[in-house]
**Q** 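Structure in structure tokens, see below.
As the structure is a computational prediction, the values presented were derived from the model and not from experiment. Atoms within a ligand are numbered from 1 in the order they appear, just like the ligands themselves.
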Amino acid sequence: MTFNHKHIIGIKDLTPEELTFILDTSISFKEINRRDIKKVPTLRGKTIINLFFEASTRTRTSFEIAGKRLSADTINISASGSSVVKGETLEDTAKNIEAMNPDAIVMRHNASGACEYLAKRLDCAIINAGDGMHEHPSQALLDAYTIREAKGKIEGLTVAIIGDITHSRVVRSNIYCLTKLGAKVRVAGPGTMLPPGIERLGCEAYKNIDDAIKGSDVVMMLRIQRERQGAPLIPSVREYSKFFGLTHARMKLAKEDAIVMHPGPINRGVELPTSIADGPQNVILDQVENGVAVRMALLYLACGGEKLQD
Ligand code: CP
């Protein structure tokens with residue numbers, strides 16, 4: 001098949017076939033990432049700008065490594081070190097960057113819809129690295145890749161996503177991605193962090209973590225997105241941990257071979273104890289490794305690596 005999307009804004013825009021195509025394309029990039037010599041010439045001569053208006057460890061580093069392993073020139077811009085601090089608007093910042101002829105801008109922004117806003121105004125490819133509470137498509141794809149790798153399939157699995165559902169872009173992208181690929185998705189969180197009508201996205205909503213975890217193949221834990229909430233925090237961190245933190249007793253409700261996932265950063269002792277975060281069922285660092293391969297596939301497809309045929 002051919003992949004004809006200029007921008008990658010959200011999983012909502014992609015078909016199940018396109019999602020599977022991205023995951024399949026990522027397999028060969030993972031193989032490259034495990035070689036001694038990890039660099040390939042695929043995007044030689046292309047320029048990729050990472051434009052980050054929010055903090056990031058995994059996504060930013062992963063996109064940078066992905067671009068460099070594909071031989072693209074990769075430039076990182078943090079809003080805090082740019083002329084944004086002097087009052088320059090998003091549109092002016094992006095248009096000035098575009099005047100230097102990059103092939104793609106990978107952007108993280110605190111405003112939901114910021115990537116779509118730029119995609120409508122710029123000619124180069126825009127890749128969403130997380131926009132507000134909206135979507136985090138590359139995270140959902142690396143999660144899907146990791147689930148498929150660990151369980152051998154996605155279709156027919158039950159995935160429980162637990163925590164601050166309201167403020168998480170990861171959960172939205174994962175609901176779209178995993179349901180399109182045939183999984184059943186359950187979400188659970190405190191009433192203040194479980195948006196009414198979330199079921200309309202195609203998931204089941206629970207107010208009790210035990211009910212959500214029971215019989216699941218995958219347990220994905222989320223941190224409280226403190227940066228998107230005012231004070232005071234309701235529930236408190238202690239209440240969140242007590243009622244929605246993962247414990248060994250709760251893990252026993254999941255299938256015996258269930259895996260534990262977390263997009264990071266982890267708040268150890270809040271949503272996950274270290275004994276589970278580092279325990280035998282966790283695939284958290286596999287998620288991080290797979291993120292590089294998936295982002296190589298996204299850059300390859302968005303930056304006009306030759307059209308792939310199957
Ligand atoms: N999962 C994720 O987006 O992590 P970072 O915020 O560190 O990029």
**Q** Could you identify the single nearest non-hydrogen protein atom to atom 4 (O) of ligand 1 and state the distance to 0.1 Å?
**A** Arg58 NE, 3.1 Å
**Q** Going by distance alone, is a donor N or O of one side chain under 3.5 Å from an acceptor N or O of the other, for Glu289 and Asn33?
**A** no
**Q** Quick check: are there more than 12 heavy atoms from other residues, nucleotides or ligands sitting under 6.0 Å from NZ of Lys207?
**A** no
**Q** For atom 6 (O) of ligand 1, find the nearest protein heavy atom and state the residue, atom name and distance (0.1 Å precision).
**A** Arg108 NH1, 2.8 Å
**Q** Looking only at protein heavy atoms, which one is nearest to atom 2 (C) of ligand 1, and how far off is it?
**A** Thr59 OG1, 3.5 Å
**Q** Counting only heavy atoms from other residues, nucleotides and ligands, does the tally under 6.0 Å from NZ of Lys242 exceed 12?
**A** no
**Q** Centre of Tyr117's six-membered ring, under 6.0 Å away, within 45 degrees of the axis: is that where NZ or CZ of Arg121 sits?
**A** yes
**Q** Quick one: does any side-chain atom of Glu98 pair with a main-chain N or O of Asp123 as donor and acceptor, under 3.5 Å?
**A** yes
**Q** Is Glu54 close enough to touch ligand 1? Criterion: a residue heavy atom under 4.0 Å from a ligand atom.
**A** no
**Q** Does NZ belonging to Lys184 count more than 12 external heavy atoms closer than 6.0 Å?
**A** no
**Q** Hey, which atoms in ligand 1 end up nearer than 4.0 Å to a heavy atom of Gln139?
**A** 1 (N), 2 (C)
**Q** Would you mind checking which non-hydrogen protein atom is closest to atom 7 (O) of ligand 1, with the distance to 0.1 Å?
**A** Thr57 N, 2.8 Å
**Q** Considering only heavy atoms of Gly264, which atoms of ligand 1 have at least one such atom less than 4.0 Å away?
**A** 1 (N), 2 (C), 4 (O)
**Q** Just need the protein heavy atom nearest to atom 1 (N) of ligand 1, so name the residue and atom and give the distance.
**A** Pro263 O, 2.8 Å
